[in-house]
Amino acid sequence: MLAYGLGVDSTAVLVELEKRKVRPDAILFADVGNEKQETYEYLPIIQDWLKKVGFPPVTVVKYIPQNFKNWPPYYSLGENCLTNGTLPSLAFGFKSCSLKWKVTPQNQWTEKWKPAVDYWYNGGKVRKIIGYDASPKDQKRYATAIGVEDPKYDYWYPLIDWNMDRDACKQSISSVGLPVPPKSACIFCPSTKPAELLEFKKEYLRYIIAMEARAFPRLEKIEGLWRNGTKGTRGGIKRPGKMTDFIIEEKLLPKIEVEKIWSSAPKDIIRNQEIFAQGGEIPDWHDFIEMFTEEDAINENVINCTNCSC
């Protein structure tokens with residue numbers, strides 16, 4: 001079973017497995033609900049290729065929350081953070097968001113998958129394929145993960161075994177006529193580099209601003225999605241703690257637009273929660289998020305803002 005992320009490394013795993021005539025029994029993509037649109041657009045491309053080579057299709061799985069700390073209900077990692085006024089756990093130095101939104105739904109699906117159930121019953125372990133490549137960053141992740149004992153799974157890191165770094169993965173994908181997929185990550189991922197943020201669509205930037213604004217009053221030890229600012233000494237990259245500050249500094253959005261989202265989004269979320277708690281009707285999360293991420297909606301809000309005293 002391949003834990004597929006719709007990104008470069010895990011796509012290279014698929015290509016190399018096909019070249020080696022190793023057919024996976026299942027390919028699972030855990031959708032957190034906030035991947036870049038470019039990533040979702042790659043799904044039909046890889047599905048066509050998988051059909052062509054006789055591999056099983058990608059099965060999309062998703063974590064469905066059952067117990068909510070705050071209301072209304074949420075159905076994506078981003079909605080989870082906006083509802084609870086927090087940031088993804090990676091911003092705090094943890095990885096529980098990945099465990100909750102990626103690992104858990106994959107494991108839940110596998111626990112109902114008859115081949116796995118039968119194999120476990122007979123004392124076997126399901127081999128779970130993880131797409132860590134041989135670059136220094138992933139080697140560190142591998143060093144932490146290797147040797148972990150699991151009663152149900154045997155973990156395999158084939159790109160490490162094959163000594164394939166990121167460039168080798170891209171070359172492998174291109175060699176079979178597939179386009180190289182974009183980096184797979186949530187639009188508000190704390191591991192996003194400043195240079196990557198420069199290329200983001202405006203609706204992604206607006207989402208980031210709203211998330212940091214909503215969480216900011218509750219943050220104590222960090223400033224934002226990039227934790228705390230760095231000066232860029234000793235080979236590091238200079239950046240502020242808040243992605244919002246970088247967006248303003250680089251003029252990726254007009255400052256008045258940033259300020260409008262920063263001031264209004266948190267208030268609107270809290271107001272919606274209060275209305276919902278009293279039994280009133282509110283927009284669903286999709287419609288509400290569009291209010292501060294879609295260009296036409298935000299421009300209308302900014303025009304209104306210039307004519308008021310907010």
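Positions are given from 1, in the same order as the sequence printed here.
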Asks: Under the side chain to side chain contact (heavy atoms under 4.5 Å, CB included) rule, what do Trp226 and Leu197 come out as? Steps first, then yes or no, please.
Replies: CA-CA 12 Å; Trp226 278 335; Leu197 208 61; 3.8 Å; yes

Asks: Are Met1 and Asp25 packed together at the side-chain level, in the sense that at least one heavy-atom pair is separated by less than 4.5 angstrom?
Replies: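 Met1 vs Asp25: side chains apart.
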
Asks: Given 3.5 Å as the limit, does a donor-acceptor pair link the side chain of Lys152 with the main chain of Ala116, or not?
Replies: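 Here the side-chain-to-backbone pair does not exist.
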
Asks: Within the 3.5 Å criterion, strictly below it, is a donor on Asn80 or Tyr75 matched to an acceptor on the partner's side chain?
Replies: no

Asks: Is any NZ, NE, NH1 or NH2 atom of the basic residue among Asp48 and Lys52 found under 4.0 Å from an Asp or Glu carboxylate oxygen of the other?
Replies: no

Asks: Is the closest side-chain donor-acceptor distance between Lys100 and Ser89 under 3.5 Å?
Replies: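 No, no side-chain donor-acceptor contact under 3.5 Å.
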
Asks: Using the rule that two of Ile, Leu, Val, Met, Phe, Trp, Tyr join whenever any of their side-chain heavy atoms come within less than 4.5 Å, decide whether Val180 and Leu6 are in one cluster.
Replies: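 Same hydrophobic cluster.
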
Asks: Are Asp245 and Lys242 within salt-bridge range, i.e. N to O under 4.0 Å?
Replies: yes

Asks: Go through the steps to decide whether Ser135 and Asp133 satisfy the test side-chain hydrogen bond (donor to acceptor under 3.5 Å, both in side chains), and finish with yes or no.
Replies: CA-CA 6 Å; Ser135 62; Asp133 64 41; 2.4 Å; yes

Asks: Answer yes or no: is there an ion pair linking Lys19 with Glu16, defined by an N-O contact shorter than 4.0 Å?
Replies: yes

Asks: Compare all side-chain heavy atoms of Tyr63 with those of Lys102 and state whether any distance is below 4.5 angstrom.
Replies: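 Tyr63 does not reach Lys102 side chain to side chain.
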
Asks: Judged by atom type as modelled, is there a donor-acceptor pair below 3.5 Å linking the side chain of Ser175 to the main-chain atoms of Ser172?
Replies: yes

Asks: Could you please spell out the steps behind the side chain to side chain contact (heavy atoms under 4.5 Å, CB included) verdict for Lys231 and Lys238?
Replies: CA-CA 5 Å; Lys231 296 181 179 180; Lys238 183 181 178 180; 5.7 Å; no

Asks: Using atom types as modelled and distance alone, determine if a side-chain donor or acceptor of Arg23 lies under 3.5 Å from a backbone N or O of Gly54.
Replies: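 Between the backbone of Gly54 and the side chain of Arg23 there is a qualifying donor-acceptor contact (under 3.5 Å).
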
Asks: So, are Asp154 and Lys128 salt-bridged, with charged N and O less than 4.0 Å apart?
Replies: no

Asks: Determine the sole option in Lys202, Lys251, Arg206 for which the salt bridge (charged side-chain N to carboxylate O under 4.0 Å, His left out) test with Glu257 is passed.
Replies: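 Testing each of Lys202, Lys251, Arg206 against Glu257, the sole residue satisfying salt bridge (charged side-chain N to carboxylate O under 4.0 Å, His left out) is Arg206.
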
Asks: Any salt bridge between Arg227 and Glu223, counting N to O under 4.0 Å?
Replies: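 Result for this pair is no, no salt bridge flagged.
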
Asks: Does any part of the side chain of Tyr4, heavy atoms only, come nearer than 4.5 Å to the side chain of Ile46, both counted from C-beta?
Replies: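 They are in contact (side-chain heavy atoms under 4.5 Å apart), so the answer is yes.
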
Asks: Apply side chain to side chain contact (heavy atoms under 4.5 Å, CB included) to the pair Phe292 and Asp268, showing each step before the final yes or no.
Replies: CA-CA 10 Å; Phe292 61 77; Asp268 291 343; over 6 Å; no

Asks: Taking salt bridge (Lys or Arg N to Asp or Glu O under 4.0 Å) as the cut-off, I'd like each qualifying pair that reaches into residues 70-86, sequence neighbours left out, listed once.
Replies: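 Non-adjacent pairs meeting salt bridge (Lys or Arg N to Asp or Glu O under 4.0 Å): zero.
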
Asks: Do Pro181 and Thr39 make a side-chain contact, defined as non-hydrogen atoms from C-beta onward lying under 4.5 Å apart?
Replies: no

Asks: Given side chain to side chain contact (heavy atoms under 4.5 Å, CB included), test Tyr204 with Thr293 step by step and report yes or no.
Replies: CA-CA 7 Å; Tyr204 302 165; Thr293 58; over 6 Å; no

Asks: Do Pro73 and Pro65 have side-chain heavy atoms sitting under 4.5 Å apart?
Replies: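 Sidechains of Pro65 and Pro73: no contact.
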
Asks: Describe, in one word, how the ring planes of Tyr155 and Tyr153 are oriented to each other, choosing from parallel (under 30°), tilted (30 to 60°) and perpendicular (over 60°).
Replies: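 Because their plane-to-plane angle lies in the 30° to 60° range, the rings of Tyr155 and Tyr153 count as tilted.
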
Asks: Look at the side-chain heavy atoms of Ile, Leu, Val, Met, Phe, Trp and Tyr, link any pair under 4.5 Å apart, and say whether Phe216 and Leu90 land in one connected group.
Replies: no

Asks: With heavy-atom distances below 4.5 Å as the criterion, would you say the side chains of Trp285 and Asn272 are in contact?
Replies: no

Asks: Quick check: do Val61 and Gln108 have side-chain heavy atoms less than 4.5 Å from each other?
Replies: no

Asks: Excluding sequence neighbours, so at least two apart, what forms ring-ring contact (aromatic ring centres under 6.0 Å, His included) with Tyr132?
Replies: Tyr157

Asks: Just so I know, are the side chains of Val8 and Arg166 near enough to count as touching, which here means a heavy-atom distance under 4.5 Å?
Replies: yes

Asks: Over 60° means perpendicular and under 30° means parallel, so classify the ring planes of Trp162 and Trp156, tilted if in between.
Replies: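 Perpendicular, since the angle between the ring planes exceeds 60°.
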
Asks: If you look at every heavy atom in Asn84 and Tyr74, which pair is closest and at what distance?
Replies: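 For Asn84 and Tyr74, the tightest heavy-atom pair comes out as ND2-OH, 4.2 Å.
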
